[in-house]
Amino acid sequence: MSGVIESQENKDLRAAVAALGARHGRGFDRAALWSEAAKLGYLGVNLPEAYGGGGGGMAELSIVLEELGSAGCPLLMMVVSPAICGTVIARFGTEEQKRTWLPGLADGTLTMAFGITEPDAGSNSHRITTTARRDADGGGWILSGRKVFISGVDIADATLIVGRTEDARTGSLKPCLFIVPRDTPGFQRSRIDMELQAEEEQFELVLDDVRLPAESLVGDEDAGLLQLFAGLNPERIMTAAFAIGMGRYALAKAVDYATTRQVWKLPIGGHQAIAHPLAQAHIELELARLMMQKAAALYDAGDDVGAGEAANMAKYAAAEACVKAVDQAVHTLGGNGLTREYGLASLITAARVARIAPVSREMILNYVSHQSLGLPKSY
């Protein structure tokens, strides 16, 4: 399924990662796959070469996640650790922060989670209540607040927390990013009991007067939204890759079944009622990938505004295509689509994640209607 718009180098990367995914498959050991992908240079393919990365961009990293997903073994923390946190630190971090974190993020020995969502703020990032104030004693920071639905905090060495600081000149609050090591006093986590089957668990976080040194602040205190959105566009691109990979996995299972399952005189895939919906699913996944590739190309070229529009569209299209592909795959298999043997039923829940996170499809439609079409806001 590699597209003609990819370079030969990226086609080779896609084939190599597909082979890795095939070796691990649906019943994969997350730690083993993470370690092997890291050793092969796949986890840090987007990070700067000067810090042990591959020197590529989101185009390459999205290929890695998509191909692992299409083999049934997606690594969700790739969305967070190298894509969001690695990108933000590479673009805005101090030299010390880059030296401390980027080599480990690139070789998989360090992992970082990302904490933005709050129980009361939802999609309204302007309502984030996690606040950071200056520590009067040593010039550091004190963080207080709550976060919810934060992935993999228990396996991450630190979490990049989105807080808000008061602007001394205006008194208004502005977003800032802080690196909070996992075992920092006052940084508490509790697991959220999810029906979703996933290797990475979800957590609610409480920051109870968490004291951090001054150097925990990433980038410029006044950069605010610029730094935040530098991480959110890669998150949307990678969520698209996650969804496309999952959709491809489900579609491949359905095609294999429809090719071999015979009820009357020919395999069920010979009937248009089965074949056409699968063909539609394939088309929609391919279209979503094209938009994802556009978003990655714009982001890697430094066009943050253009990438923002394309990344939102890619995430929307990929989520819709994934949900439809999974639904049609389960339907193609009939009762077998709900058995553990075929491994599709759990994807019904998993596919919906891409519609909900990291931003709902309705908020993306708001973004497109305001930013792309120039329609007025309702909020």
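Residues Glu36 and Arg23 are in side-chain contact: their nearest non-hydrogen atoms beyond the backbone lie under 4.5 Å apart. Side-chain contact check for Leu75 versus Phe242: every heavy-atom pair is 4.5 Å or farther apart. With contacts defined as side-chain heavy-atom distances shorter than 4.5 Å, the pair Ser144/Arg133 qualifies. Counting heavy atoms from C-beta on, the side chains of Tyr299 and Thr87 come closer than 4.5 Å. A heavy-atom distance below 4.5 Å is found between the side chains of Met238 and Met78. Contact check for Phe187 versus Pro185: no side-chain heavy atoms found under the 4.5 Å cut-off. A 4.5 Å side-chain heavy-atom check between His282 and Leu251 finds at least one atom pair inside the cut-off. Looking at Met112 and Leu105, their side chains come closer than 4.5 Å, going by heavy atoms from C-beta outward.
Ala83 approaches Met58 most closely through the heavy-atom pair CB-CE, 4.1 Å. Arg236 and Ala311 get closest at one heavy-atom pair: CB-O, 3.7 Å. For Tyr367 against Glu309, the heavy-atom pair with the smallest separation is OH-N, 3.5 Å. The shortest heavy-atom contact between Met313 and Ser372 is CE-OG, 3.9 Å. When every heavy atom of Gly86 is checked against every heavy atom of Leu102, the shortest pair comes out as O-CD2, 3.7 Å. Among all heavy-atom pairs drawn from Leu110 and Asp157, the shortest one is CA-OD2, 3.3 Å.
At least one donor-acceptor pair under 3.5 Å links the side chain of Arg182 to the backbone N or O of Ala156. At distances below 3.5 Å, at least one donor-acceptor pair connects side-chain atoms of Gln262 with backbone N or O atoms of Lys265.
Looking at Ser35 and Arg30, their side chains never bring a donor and an acceptor atom within 3.5 Å of each other. There is no side-chain donor-acceptor pair under 3.5 Å between Ser151 and Glu200. Side-chain atoms of Glu195 and Thr349 include no donor-acceptor pair closer than 3.5 Å.
Remark: Arg99 fails to qualify as a cation-pi partner of Trp101 under the 6.0 Å distance and 45° angle criteria applied to the six-membered ring.
For Glu9, the CD atom counts as loosely surrounded, since its 6.0 Å shell holds 12 or fewer non-hydrogen atoms of other residues, nucleotides or ligands. Counting heavy-atom neighbours within 6.0 Å of Lys98 NZ, excluding the residue itself, gives a total above 12. For His271, the NE2 atom sits in a packed shell: over 12 heavy atoms of surrounding residues, nucleotides or ligands are nearer than 6.0 Å. The number of heavy atoms from other shown groups lying within 6.0 Å of CZ (Arg146) does not exceed 12.
With respect to the salt-bridge test (charged N to carboxylate O, under 4.0 angstrom), the residues Arg189 and Asp154 do not qualify. Using a cutoff of 4.0 Å between basic side-chain nitrogens and carboxylate oxygens, Arg248 and Glu67 are scored as salt-bridged. In this structure, Arg289 pairs ionically with Glu286, as a charged nitrogen and a carboxylate oxygen lie closer than 4.0 Å. Ion pairing between Glu6 and Lys11 fails under the 4.0 Å rule for side-chain N and carboxylate O. Looking at Asp327 and Arg352, no side-chain N of the basic residue comes within less than 4.0 Å of a carboxylate O on the acidic one, giving no salt bridge. Between Arg91 and Asp304 a salt bridge is recorded (basic side-chain N to carboxylate O distance below 4.0 Å).
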Show, in sequence, the C-alpha distance, side-chain angles and deciding distance for Gln188 and Glu204, and conclude whether the side-chain hydrogen bond (donor to acceptor under 3.5 Å, both in side chains) test is met. CA-CA 8 Å; Gln188 304 156 29; Glu204 179 174 358; over 6 Å; no
Start with the C-alpha distance between Glu215 and Thr94, add both sets of side-chain angles, then the distance that settles side-chain hydrogen bond (donor to acceptor under 3.5 Å, both in side chains), and finish with yes or no. CA-CA 8 Å; Glu215 57 268 23; Thr94 63; over 6 Å; no
Take Tyr342 and Tyr257 through the test side chain to side chain contact (heavy atoms under 4.5 Å, CB included) and record every step on the way to the result. CA-CA 10 Å; Tyr342 286 92; Tyr257 189 87; 3.9 Å; yes
Hey, mind stepping through Glu362 and Asn366 against side-chain hydrogen bond (donor to acceptor under 3.5 Å, both in side chains) and telling me if it holds? CA-CA 6 Å; Glu362 290 73 22; Asn366 281 337; over 6 Å; no
The test is side chain to side chain contact (heavy atoms under 4.5 Å, CB included); show your working for Met194 and Phe149 and say whether it passes. CA-CA 10 Å; Met194 307 287 290; Phe149 297 119; 3.9 Å; yes
Stepwise side chain to side chain contact (heavy atoms under 4.5 Å, CB included) check, Trp34 with Asp29: CA-CA 9 Å; Trp34 185 270; Asp29 178 294; over 6 Å; no
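Taking NE2 of His370 as the reference point, atom CG of Leu375 lies at 7.5 Å (rounded to 0.5 Å). Rounded to the nearest 0.5 angstrom, Phe114 CZ and Ile150 CD1 are separated by 8.5 Å. A distance of 10.0 Å separates CH2 of Trp141 from CG of Leu212, quoted to the nearest 0.5 Å. In this structure, the separation between CG on Leu76 and OG1 on Thr239 is 8.5 Å, given to the nearest 0.5 Å. Here CG of Leu13 is found 11.5 Å from CD of Gln8. Values are rounded to the nearest 0.5 Å. Summarising the geometry, atom CD belonging to Gln328 is positioned 10.5 Å from atom CG belonging to Leu333; distances are rounded to the nearest 0.5 Å.
Cluster membership for Val255 and Leu285, using ILVMFWY side-chain heavy atoms within less than 4.5 angstrom, is shared. Leu232 and Ile84 fall within the same hydrophobic cluster, defined by Ile, Leu, Val, Met, Phe, Trp and Tyr side-chain heavy atoms under 4.5 Å apart, directly or through other members. One hydrophobic cluster holds both Leu33 and Tyr42 under the rule that ILVMFWY side chains link at heavy-atom gaps under 4.5 Å. The cluster map of Ile, Leu, Val, Met, Phe, Trp and Tyr, joined by side-chain heavy atoms under 4.5 Å apart, puts Leu40 and Leu61 in the same cluster.
Screening Ile161, Ile89, Thr159 for a side-chain contact (heavy atoms from CB on, under 4.5 Å) involving Ile179 leaves a single residue, Ile89.
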